[in-house]
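Take a look at the structure below.
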Amino acid sequence: MELLCIRQWISGLLPTWLSAWCIKPVGGALVRQEPEYILLALMGSPLKKIMLCSSEKEIFSVEEQVMVQHSVIINNMIEDGSYNHEESKIPLDCVDSKTLKKVIDYCTHHTHHHNDNQEDLEAWDAQFLNVDSNGLYDLLMAANYLEIRNLLDLIYGTIKNMIKGKKIDEIRRIFNIKDHGFTPEEEEQNRKEYPHFY
Amino acid sequence: METKEKNDKSKSTLEILPPELIQRILLRVPVRHLARLRCVSKLWCSLISDPNFAEFHFHHSSASTNSCFFIKYSSMVHFVYFDDNDASQKEMCPPFNNEPLPNFAVLGSCRGIIVLHRHPHSFVVWNPLTGFSKRISYSHLLPSRKYHGIRLPSLHGFGYDASQDDYLLLVAWNHWERQYNLDCLSLRTNSWINLDAALSKPLGVFDRFSCGLFLNGAIHWLSFALTTYKDAILIFDMKERTFSMMSAPEQLVMISCNFSGLALLGGCLALYYQNLHSCNTDIWVMKEYKVHSSWNLYQIPCKDFQPLCLSSNGDIIGRGCSWATVTVHTESLLPLPSDVEDKKKEEGGNRPSESE
């Protein structure tokens with residue numbers, strides 16, 4: 001009953017000339033298509049899904065709108081037509097399943113909750129990034145590859161906070177810097193210049 | 001054992017990040033912390049020391065994270081940060097090489113570079129973050145100008161000419177015959193230019209020790225007398241090297257000029273003074289540059305309020321009367337235009353230079 005009302009409402013929005021156009025080739029014959037579905041197609045079909053394939057060959061189905069909004073790479077692929085909805089999946093060989101799932105979670109949440117207040121979003125982001133360093137690194141690489149600007153900003157900010165106020169040995173450890181590359185004389189000079197940093 | 005070690009490490013270490021990503025992280029670090037981050041590794045040192053990075057960082061980080069108050073108090077300088085996340089302070093010695101009785105004054109700050117007037121007859125150009133400093137004598141200007149004793153320039157301004165990647169320091173001394181001699185130093189060429197001819201008419205009586213405000217590629221000074229709103233502001237265009245005038249709002253209440261001045265509030269030119277009738281501080285903000293109708297009045301119910309800058313949430317930060325000189329200073333790691341050659345000279349110093 002509800003669906004019927006919605007369909008009638010949408011039909012009411014459509015000009016009659018458009019209803020005449022609502023035909024679609026199916027199996028070689030022209031079939032009259034329901035106008036409300038054509039309207040949805042014209043609107044960019046938020047329900048349209050795309051397939052992303054992780055490095056472990058696992059397929060993830062996600063709303064096209066969500067990924068197009070966040071990932072510059074995926075947006076470009078869809079726009080230039082290199083992605084065929086019926087057959088293709090987008091292979092992401094440098095992103096593993098666990099990370100890809102997290103990235104999709106991030107994009108989906110931010111698309112559906114973009115009207116939430118700032119504090120709630122920030123709290124969700126903080127919880128989202130409550131991962132170990134390996135996880136953070138993987139997310140950074142994935143966000144960089146897919147060019148997801150807001151996720152990148154978030155991760156850069158987190159890493160920046162990780163080094164805030166830390167001493168040099170701690171920072172070297174965080175960034176896995178085993179060989180700093182300074183000669184003993186240079187290291188000595190640095191120590192003299194910034195004694196409180198060591 | 002080995003696995004356990006690996007697990008412990010994985011809790012707090014990132015895998016090796018490519019230099020581009022390290023650079024992007026460093027772009028978000030306030031510039032005052034970058035200096036010591038050069039010690040982390042040779043790679044970080046080269047990333048941070050790259051002049052392109054310094055330029056990029058200067059243009060892309062928000063002004064409030066890198067701004068501070070540069071305060072001269074007796075013989076030391078203090079940096080007071082007013083960033084939301086870090087309201088800290090630090091103290092430094094000006095670069096006078098252990099000379100006795102450092103007597104100096106602050107003339108201006110632009111893009112991380114500070115100009116000091118050093119007794120007896122020199123200017124010192126200094127970037128406190130990079131440590132680079134250079135002393136420039138102006139004693140050659142004196143004999144022909146009949147100056148008596150040591151006097152600070154009665155009018156001065158310091159700004160950046162983007163068209164030449166050069167910094168210009170303008171100084172004028174008022175002659176006892178009430179004439180002004182206006183000279184301009186180019187830091188890039190290290191040469192002096194006399195600007196008397198650039199003035200269409202002789203300078204009026206400007207604020208003693210009036211400090212120019214650098215904004216939109218020009219230096220602005222406020223007229224000393226403020227007897228009329230018309231042409232109350234003198235402007236020097238850095239690129240064209242010409243002078244022009246701009247009027248203050250007509251509603252300006254003619255008042256004592258001891259506490260009047262110009263400030264930069266949120267990127268807009270602001271004119272302030274003490275309003276003796278209402279015991280307020282009146283601040284006129286020119287919302288659109290050089291659009292006369294865009295002057296907006298803000299009244300602070302407080303005497304002796306000298307506005308300095310805006311905080312990140314739009315509050316006006318100011319100061320009361322005191323002996324300390326307070327300058328708004330935006331830190332940077334930017335070098336002076338002819339940095340490289342001079343630094344080699346400074347480092348070479350007393351040691352024999354390395355063979356080419």
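Letters A, B, ... are given to chains in the order of the sequence lines, protein chains preceding strands, and every chain is numbered from 1.
- Side-chain contact between A:Asp153 and B:Arg28 is present, with at least one heavy-atom pair separated by less than 4.5 Å.
- Residues B:Val40 and A:Arg172 are in side-chain contact: their nearest non-hydrogen atoms beyond the backbone lie under 4.5 Å apart.
- Between A:Leu140 and B:Leu14 there is no side-chain heavy-atom pair separated by less than 4.5 Å.
- Looking at B:Leu21, both its backbone and its side chain come within 4.5 Å of chain A, counting heavy atoms on both sides.
- Under a cut-off of 6.0 angstrom, the local environment of NZ in A:Lys89 is sparse, with at most 12 non-hydrogen atoms contributed by other residues, nucleotides or ligands.
- Pairs of residues two or more places apart, or lying in two chains, that qualify as side-chain hydrogen bond (donor to acceptor under 3.5 Å, both in side chains) and include a residue from residues 94-103 of chain A are A:Ser54-A:Ser97, A:Glu56-A:Ser97, A:Glu58-A:Ser97, A:Asp96-A:Thr99.
- Partners of B:Arg24 according to the salt bridge (Lys or Arg N to Asp or Glu O under 4.0 Å) rule, which considers only residues two or more places apart in sequence or in another chain, do not exist here.
- The line from CG of B:Leu17 to CG of A:Asn176 is 9.5 Å long, rounded to the nearest 0.5 Å.
- Closest approach of B:Cys45 to A:Phe182, counting heavy atoms only: CB-CZ, 4.2 Å.
- For NE2 of B:His59, the number of neighbouring non-hydrogen atoms (other residues, nucleotides, ligands) closer than 6.0 Å is greater than 12.
- The CD1 atom of A:Ile168 lies 8.5 Å from the CG atom of B:Leu37; values are rounded to the nearest 0.5 Å.
- Annotation for B:Glu91: atom CD counts as buried by contact number, over 12 foreign heavy atoms lying within 6.0 Å.
- Summarising the geometry, atom CD1 belonging to B:Ile25 is positioned 9.0 Å from atom CE belonging to A:Met162; distances are rounded to the nearest 0.5 Å.
- Residues of residues 184-198 of chain A having a heavy atom under 4.5 Å from any heavy atom of chain B, listed by number: A:Glu186, A:Asn190, A:Tyr194, A:Phe197, A:Tyr198.
- Chain B forms the most heavy-atom pairs under 4.5 Å with one residue out of A:Ile163, A:Ile159, A:Val131, and that residue is A:Ile159.
- With sequence neighbours left out, B:Trp44 forms a ring-ring contact (aromatic ring centres under 6.0 Å, His included) with A:Phe175.
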